[in-house]
Amino acid sequence: MSSPDREVRAARNDPPRTARRPVVAVTGAASGAGALLTQRLAESDETKHVLAIDERRGDVTEAQWHVLDVRDPAIADKLRGVDVVVHLAVDLDLGTDPAARTAYNVRGTQTVLTAAAAAGVRRVVLCTSAMVYGALPDNDVPLAEDAELRATAEATGVGDLLEIERLAQRAPRAHPGLNVTVVRPAILVGGTDTALTRYFESPRLLVVAGSRPTWQFCHVEDLVGALEYAALEKVEGELSVGCDGWLEQEEVEELSGIRRMELPSAVALGAASRLHRLGLTPSPAGDLAYTMHPWAVSGSRLHEAGWRPRWTNEEVLAELLEEVAGRHTVAGRRLGRKDATTLGAAGATVALVGTAAIVRRARKARRRA
């Protein structure tokens, strides 16, 4: 422990971390990773008490529930006496209006950080994504935690995550004594619905010619384990989390049994951009980069602290394929069963990729008329 850290604890009359069990609050506690983490912490002998915060009451009866919006400043009163806050009330739903999603995510994180500092909380744990590193052809494989965040706001929700990262960096300066830990999972699997999980609902795996993707997954149970480590103050700083290693595109195709459809970069990116602009698909063209270039992470800081993933990439991919079985998605857009049956596997992909050109020709015809 650093000397300044000891001085802060002495001033606050805090016992050493190893001598006390923390009171932990979890936002977004009613569903997903928040519900799993709340249950795990409530059952742990290493926590004193767990507060669960959400807009609806969840099923973990061992926790103390507070039903409110995380953007409500009244959350500061609920956090008094709390040692650690794990903030998981972040909306990355593909169906949410982007402006409303950003307003919720950014304002919610700002409010939680400010409220935590006002309430005397000593640590806030935020969860973003390894996507903040960006998917770029010259990325190291794997990326270290301290690698530069080179993502842009062109992919679904990544702009929000980058802003949350900036808030995390500024918070300790704005609120001295507040420790902020950020957890960045790889492709999250386990009851999730993202542009990257929908990639595996397609009848063909779209491969951009000349690209070199690396596929690394993170099962939600492993994310919860990493968040628990952070909540119990066993590790701090910027943490990446995922399965050990990664899979090459050829391995993914062999394991999934889904054949590829290869397109030139200009065609794939151009079609994705036009389809999104026309409102035919929920995913902007920026999402495609994460299927083209490497962004696997090392997870070294968690490993050094003694954490290990329980799932392998192969196991998580198998779980994902089981989850999406029976769903039909093309370019991020879900098709009904009738549409998928009518178009067929290859036909669906070709038809949707060609939609932008068809619409463009129709517009030209109308202008001539």
Side-chain angles (χ1 to χ4, degrees), residues 22-44 47-116 118-119 121 123-129 156-157 160-161 163-164 167 182-183 185 188-195 197-198 218-228 230-231 282 323 327 334:
V23 176
V24 182
V26 180
T27 71
S31 60
L36 294 174
L37 178 64
T38 301
Q39 185 70 62
R40 184 176 296 193
L41 291 172
E43 295 173 349
S44 173
T47 58
K48 181 179 180 181
H49 184 57
V50 178
L51 276 70
I53 299 172
D54 209 315
E55 294 178 57
R56 65 178 179 85
R57 186 181 179 89
D59 299 326
V60 183
T61 56
E62 299 91 340
Q64 177 184 346
W65 283 89
H66 295 293
V67 179
L68 80 165
D69 189 314
V70 291
R71 294 169 294 182
D72 187 341
I75 195 172
D77 293 331
K78 311 301 182 186
L79 296 181
R80 299 197 184 281
V82 169
D83 299 302
V84 180
V85 175
V86 184
H87 177 49
L88 299 178
V90 176
D91 180 9
L92 296 176
D93 193 299
L94 289 172
T96 303
D97 173 73
R101 182 180 61 214
T102 296
Y104 177 82
N105 290 338
V106 175
R107 183 61 179 168
T109 303
Q110 288 173 328
T111 303
V112 167
L113 288 168
T114 302
V121 173
R123 172 179 290 207
V124 175
V125 180
L126 303 176
C127 185
T128 61
S129 167
T156 304
D160 296 2
L161 299 179
E163 184 56 34
I164 291 172
L167 292 171
V182 181
V183 180
L188 193 60
V189 174
T192 58
D193 177 24
T194 67
T197 59
R198 287 192 182 189
C218 177
H219 196 277
V220 67
E221 292 177 357
D222 281 337
L223 172 60
V224 167
L227 291 168
E228 182 183 24
E323 281 190 9
R327 299 176 189 168
R334 287 245 172 91

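FYI, side chains are in, hydrogens and waters are out, and symmetry mates aren't considered; it's all heavy atoms of this structure.
Among all heavy-atom pairs drawn from Ala89 and Val70, the shortest one is CB-CG1, 3.8 Å. The nearest pair of heavy atoms linking Thr38 to Ala29 is OG1-CB, 3.3 Å. Closest of all the heavy-atom pairs between Ser129 and Leu161 is CB-CD1, 3.6 Å. Scanning both residues, Gly81 and Val23, for their nearest heavy atoms gives O-CB, 3.7 Å. Between Trp65 and Asp54, the shortest heavy-atom distance links the atoms CZ3-CB, 4.2 Å. Closest of all the heavy-atom pairs between Ala42 and Val60 is CB-CG1, 4.1 Å.
Rounding to the nearest 0.5 Å gives a distance of 11.5 Å between CG of Asp160 and OG1 of Thr128. Of the inter-residue distances, the one linking Leu68 atom CG with Ile53 atom CD1 reads 6.0 Å to the nearest 0.5 angstrom. Rounding to the nearest 0.5 angstrom, the gap separating the CG atom in Leu79 from the NE2 atom in His66 is 8.0 Å. Atom-to-atom distance recorded for Thr192:OG1 and Leu92:CG is 10.5 Å, nearest 0.5 angstrom. In this structure, the separation between CZ on Arg71 and CD on Glu55 is 6.5 Å, given to the nearest 0.5 Å. Interatomic distance, Thr61 OG1 to Gln39 CD, rounded to the nearest 0.5 Å: 7.0 Å.
Thr27 places a side-chain N or O within donor-acceptor distance of the main-chain N or O of Leu88, the cut-off being under 3.5 Å. Judged purely by atom type and a 3.5 angstrom limit, Gln110 has no side-chain atom pairing as donor or acceptor with the backbone of Leu167. Checked by atom type and distance alone, the side chain of Thr197 pairs as donor or acceptor with a backbone atom of Thr194 at under 3.5 Å. One N or O on the side chain of Asn105 and one on the backbone of Arg101 form a donor-acceptor pair closer than 3.5 Å. Not one N or O on the side chain of Ser44 forms a donor-acceptor pair closer than 3.5 Å with the backbone of Arg40.
With contacts defined as side-chain heavy-atom distances shorter than 4.5 Å, the pair Ile164/His87 does not qualify.
The residues Arg123 and Asp83 are annotated as not salt-bridged, no charged nitrogen and carboxylate oxygen being separated by less than 4.0 angstrom.
Here the rule is side chain to side chain contact (heavy atoms under 4.5 Å, CB included) with Cys127, and of Val90, Leu223, Leu188 only Leu223 fits it.
Summarising the local packing, CG of Asp59 is surrounded by 12 or fewer heavy atoms from other residues, nucleotides or ligands at distances under 6.0 Å.
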What verdict does the side chain to side chain contact (heavy atoms under 4.5 Å, CB included) test give for Asp72 and Thr111, after you've listed the backbone C-alpha separation in whole Å, the side-chain angles of each residue and the deciding distance to 0.1 Å?
CA-CA 7 Å; Asp72 187 341; Thr111 303; over 6 Å; no
